[in-house]
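For ligands, and for the atoms within them, numbers begin at 1 and follow the listed sequence.
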Amino acid sequence: MNGFMERGFWIFMSAFRIIVWGILGALLFFVFSTWQEILWGNRFSMAFLDVGQGDAILIKSPQGHQILIDGGPDTSIFSKLSSQIPFWNKTIDLVIATHSDKDHAEGIIELFPRYQINNILWSDSKENSGFAVMLRHAIEKEQEQGTAIFIAKDSQTIRWSSDPDAYGEIIWPSKEAKNTYGSSNELSLVLKFTYGEVSTLFTADIPQLVEYELVEKKSEVISASILKVGHHGAKTSNTEAFIAKVSPKVAIIQVGKENRYGHPHQEVLDRFAAWGVSVLRTDVNGDIVVTSTKTSFAVETQY
Ligand SMILES: [Zn+2]
């Protein structure tokens with residue numbers, strides 16, 4: 001009887017300890033999160049994820065919104081997102097599919113069943129390639145489940161708060177371009193995100209032809225502090241005229257180690273060097289995280 005009582009007491013004590021430690025843990029977590037909020041609040045961040053040969057960028061607004069531009073070529077997006085956001089947070093406020101090529105779209109298709117996606121922005125590609133069809137079906141399925149779908153139009157603005165200094169802009173493709181150009185790279189969405197004086201241009205996989213059009217017709221909006229380098233640093237993109245007009249301080253290349261395309265091309269690296277632009281690349285630097293206030297930005301690499 002005594003033995004039972006004693007055992008019962010210890011069981012009670014263990015439960016008591018678990019509760020106390022649980023409360024202490026929760027308090028510590030709350031204090032830590034609050035301090036983190038105080039230290040990192042009001043910052044805008046962009047994580048250029050090392051997903052191998054492909055693009056995937058997670059943007060976090062100062063208010064905690066999460067925007068994903070492309071999802072990379074496979075399921076590596078899951079572990080990459082887990083390294084940037086808490087495991088219980090499975091909501092992406094906005095997914096932007098720049099175009100339907102596998103190295104940008106497959107990760108998005110994989111993500112849909114596992115995450116709550118509130119909004120999707122894409123170009124409503126009418127392409128018939130395998131991935132374009134798969135992406136379209138996946139987006140239609142999300143729409144049936146209540147996700148809001150937006151078709152990109154140039155000059156549209158993306159806003160996530162009432163802060164007039166924080167917004168995204170759709171720069172390409174123009175309405176005319178949709179009739180003139182046909183390939184998925186040519187019709188890739190070009191976006192610019194601005195937070196105060198810091199801006200970032202995302203060029204997906206646009207080729208030279210589109211760069212020349214942007215230099216000619218959109219020169220007033222393409223200058224940016226940070227450039228997500230076009231088409232993984234291919235020499236069929238990244239013309240001198242374009243680099244000169246964008247005039248970035250930092251260029252970020254999302255590219256796979258020893259990829260079979262030879263990306264990034266040495267000529268492109270030389271062009272950036274000649275313009276005095278610092279280049280960071282996911283195959284060398286791992287995940288590249290840019291954190292910015294409205295007046296300055298810092299770059300951190302997480303290899
Ligand atoms: Zn690509």
Notebook entry, point to check: Which heavy atom of Ser61 sits nearest a heavy atom of His65, and at what distance?
Noted result: OG-ND1, 2.7 Å
Notebook entry, point to check: Does any N, O or S atom of His232, backbone or side chain, fall under 2.8 Å from the Zn ion (ligand 1)?
Noted result: yes
Notebook entry, point to check: Is it true that some N/O/S atom of Asp55, main chain or side chain, lies under 2.8 Å from the Zn ion (ligand 1)?
Noted result: no
Item checked: Which atom of His104 approaches the Zn ion (ligand 1) most closely (N/O/S) -> NE2
Next item on the list: Would you check if the Zn ion (ligand 1) lies under 2.8 Å from any N, O or S atom of Asp103?
Entry: yes
Checklist line | Side-chain (Asp74) to main-chain (Ser76) donor-acceptor, under 3.5 angstrom | finding: yes
Note to self: I need the single residue from Ser237, Pro207, Pro264 that forms a side chain to side chain contact (heavy atoms under 4.5 Å, CB included) with His231. Which is it?
What the structure shows: Ser237
Next item on the list: Could you check which N/O/S atom of Asp205 is closest to the Zn ion (ligand 1)?
Entry: OD2
Check: Is the centre of the Trp172 ring less than 6.0 Å from the centre of the Tyr181 ring?
Finding: yes
Margin query: Tell me if a side-chain donor or acceptor on Gln84 pairs with a main-chain N or O of Ile59 at a distance below 3.5 Å.
Written below: no
